[in-house]
Amino acid sequence: MCGIIGIVGKSEVASALYDGLTVLQHRGQDAAGIATVEGERLRLHKGAGLVRDVFQPENMLKLRGRIGIGHCRYPTAGSESSAEAQPFYVNSPYGIALAHNGNLVNTEALRREMYEGDRRHINTDSDSEVLLNIFAHELQIQERHALTPDHIFKAVAGVHERARGGYAIVSLLLGYGIVAFRDPYGIRPLVLGERDTGEGKEYAVASESVALDILGFTRLRDVAPGEAVLLTLDGKLFSRHCAEGYPHAPCIFEYVYLARPDSMIEDVSVYKARLRMGERLAAKIQRLRPDHDIDSVIPIPDTARTAASSLAAALGLPMREGFVKNRYIGRTFIMPGQSERVKSVRRKLNAIELEFRNKNVLLVDDSIVRGTTSKQIIQMARDAGAKKVYFASAAPPVRFPNVYGIDMPAPGELVAHDRSDAQVQALIGADWLVYQDLDDLVAAVADGNEKLTRFDTSCFSGEYVTGVEPTYLSDLEFARSDAAKSQRRQAS
């Protein structure tokens, strides 16, 4: 997952892009970048690290212009080197900068096409650079004409015909404006907003509505699956559906973990969806163990807090804050290696002994991926004096890798892969483990928008909406294993 934002304003936009990226920081902590346009010149600054570390005052002063895009990255494909920080830029045709959230499942085939057919060189391992060059090539086909919105949308349609996977894109097209579009299935999120300055309308697109909120933009709607929007330099908005006939299947893991609770995605409040997850999980607990001996419910901060609160209320139990989080430690889910994740859990959380001593506690987390974090947290609860430690996951078992932009590890590193719930329970050391049912998770999200009838649930179900080649998952397993990532970091 990554965070993207684009703004066409009436005044300088660099500081707004910076502020937007800071509230999208949870989507990626590896690298950040901003590109702006001043007159005919592109201004670009990017680097490895958090937004606050990449952009110093002297960098911001150089990012002049009233149109720009921003990106915060965490690596799902390619390496963790600063060379793959975004936005990427090509100078032909017109000059294009592009930032991308998601992942393609036919990157290698496209890379060969780029070299053999389009005569374009891809300089990194990033699929984002592949997307940039496909878009540039498709625009070059239209270059024989005076470029109009119609020609730009035809170029986007060409991208959709060639690229397969989940992607949301913001791009700067010099001399024209911002072109933003979303994959035909709508797997990765993208929202559109506007604000009136008194001098005319300003437009913004972002991964999550929270970025629009803090900048004072009114959320208009989600960019539709397969839709492209053109935000022109003179403040006009054009849009077109550039791919038809695909099922709408947004990523359900956005609601479980990725998105901030104060965001709206597909007209569904992430906060309310998580409340419903807790209620449905509580109903399952009541069915399975009506005579449970749970004394209190304790959320694993922070993502699980919302579901834990509604779960506790439904069970008639107190919710207690049993762990204090060090907010200066990043999300362990996206730590680069297993040893780093293990160390970070103890640095990140500290138990409040009074909430555990001589109690039977139900710990609630948003999901269980590798299981190492869950195991350590359960042991922390026991060390703090808990009599029994039960564990509830607001999501179903994660048994398969996500291939659309979430760096879930190789299947062999997923604790639930090829294991029963009882086996996972034993591995993480819980006295009882309960998972959300997939049907209940889908219902918890879909209850917020009756038009949503399908989701990408691939990490739970193994069903990939785009389809994948037979060798793709095995290649992905090699690329995403902690051992392979460690080798890439050492080589970079």
Say whether, by atom type as modelled, one donor and one acceptor occur between the side chain of [X] and the main chain of [Y] under 3.5 angstrom.
{"X": "Glu227", "Y": "Ala224", "value": "yes"}
{"X": "Arg195", "Y": "Gly216", "value": "no"}
{"X": "Thr36", "Y": "Gly65", "value": "no"}
{"X": "Arg162", "Y": "Ile134", "value": "no"}
{"X": "Asn59", "Y": "Gln56", "value": "yes"}
{"X": "Ser310", "Y": "Leu275", "value": "yes"}
{"X": "Gln436", "Y": "Ala394", "value": "yes"}
{"X": "Arg399", "Y": "Arg419", "value": "yes"}
{"X": "Glu129", "Y": "Leu132", "value": "no"}
{"X": "Asn103", "Y": "Val403", "value": "yes"}

Legend entry - From CA spacing to verdict: side chain to side chain contact (heavy atoms under 4.5 Å, CB included), Arg276, Val268: CA-CA 12 Å; Arg276 291 189 290 267; Val268 176; 4.0 Å; yes
Inset, instruction - Sort out for me which residue in Arg188, His160, Arg182 forms a side chain to side chain donor-acceptor pair (under 3.5 Å) with Tyr167. - result: His160
Quick one: closest heavy-atom pair of [X] and [Y], and the distance?
{"X": "Thr124", "Y": "Ala83", "answer": "CG2-O, 4.1 Å"}
{"X": "Leu215", "Y": "Asp19", "answer": "CD2-CB, 3.9 Å"}
{"X": "Leu21", "Y": "Val51", "answer": "CB-CG2, 3.8 Å"}
{"X": "Ile214", "Y": "Gly20", "answer": "CD1-N, 4.2 Å"}
{"X": "Asp183", "Y": "Gly166", "answer": "OD2-CA, 3.5 Å"}
{"X": "Phe55", "Y": "Met60", "answer": "CB-SD, 3.7 Å"}

Legend entry - Check: Tyr115 ring centroid to His121 ring centroid under 6.0 Å: no
Legend entry - Among Phe153, Phe238, Phe135, the one residue meeting ring-ring contact (aromatic ring centres under 6.0 Å, His included) with Phe181: Phe135
Is it true that [Y] and [X] share a donor-acceptor pair across their side chains at a distance under 3.5 Å?
{"X": "Ser126", "Y": "Glu84", "value": "no"}
{"X": "Arg164", "Y": "Asn106", "value": "no"}
{"X": "Tyr257", "Y": "His26", "value": "no"}
{"X": "Tyr404", "Y": "Thr466", "value": "yes"}

Distance from [X] atom [atom1] to [Y] atom [atom2], nearest 0.5 Å?
{"X": "Glu254", "Y": "Ser207", "atom1": "CD", "atom2": "OG", "result": "8.0 Å"}
{"X": "Met1", "Y": "Asn402", "atom1": "CE", "atom2": "CG", "result": "11.0 Å"}
{"X": "Ile7", "Y": "Ile178", "atom1": "CD1", "atom2": "CD1", "result": "7.5 Å"}
{"X": "Ser309", "Y": "Tyr271", "atom1": "OG", "atom2": "OH", "result": "5.5 Å"}
{"X": "His248", "Y": "Tyr185", "atom1": "NE2", "atom2": "OH", "result": "12.5 Å"}

Residue pair [X] / [Y], side-chain heavy-atom distance below 4.5 Å:
{"X": "Asp262", "Y": "Asp213", "answer": "no"}
{"X": "Met264", "Y": "Glu208", "answer": "no"}
{"X": "Ile67", "Y": "Val13", "answer": "no"}
{"X": "Ser209", "Y": "Ser263", "answer": "yes"}

Considering only NZ, NE, NH1 and NH2 on the basic side and carboxylate oxygens on the acidic side, decide whether [X] and [Y] come within less than 4.0 Å.
{"X": "Glu202", "Y": "Lys10", "result": "no"}
{"X": "Arg64", "Y": "Glu12", "result": "yes"}
{"X": "Glu194", "Y": "Arg219", "result": "no"}
{"X": "Arg305", "Y": "Glu321", "result": "yes"}
{"X": "Glu38", "Y": "Arg41", "result": "no"}
{"X": "Asp302", "Y": "Lys325", "result": "yes"}

Inset, instruction - Could you check whether the rings of Phe253 and Phe460 sit parallel, tilted or perpendicular, using 30° and 60° as the cut-offs? - result: tilted
Inset, instruction - Evaluate the criterion side chain to side chain contact (heavy atoms under 4.5 Å, CB included) for residue pair Asp222 and Asp267; output intermediate values, then yes/no. - result: CA-CA 8 Å; Asp222 295 84; Asp267 289 326; 4.2 Å; yes
Output side-chain donor-acceptor pairs under 3.5 Å for residues 95-102, partner residues at least two apart or in another chain, one line each.
residue : atom : partner : partner atom : Å
His100  : ND1  : Ser128  : OG           : 2.8
Asn101  : OD1  : Cys2    : N            : 2.8

Inset, instruction - Tell me, please, whether Phe391 has Lys375 positioned over its six-membered ring: NZ or CZ under 6.0 Å from the ring centre and within 45 degrees of its axis? - result: no
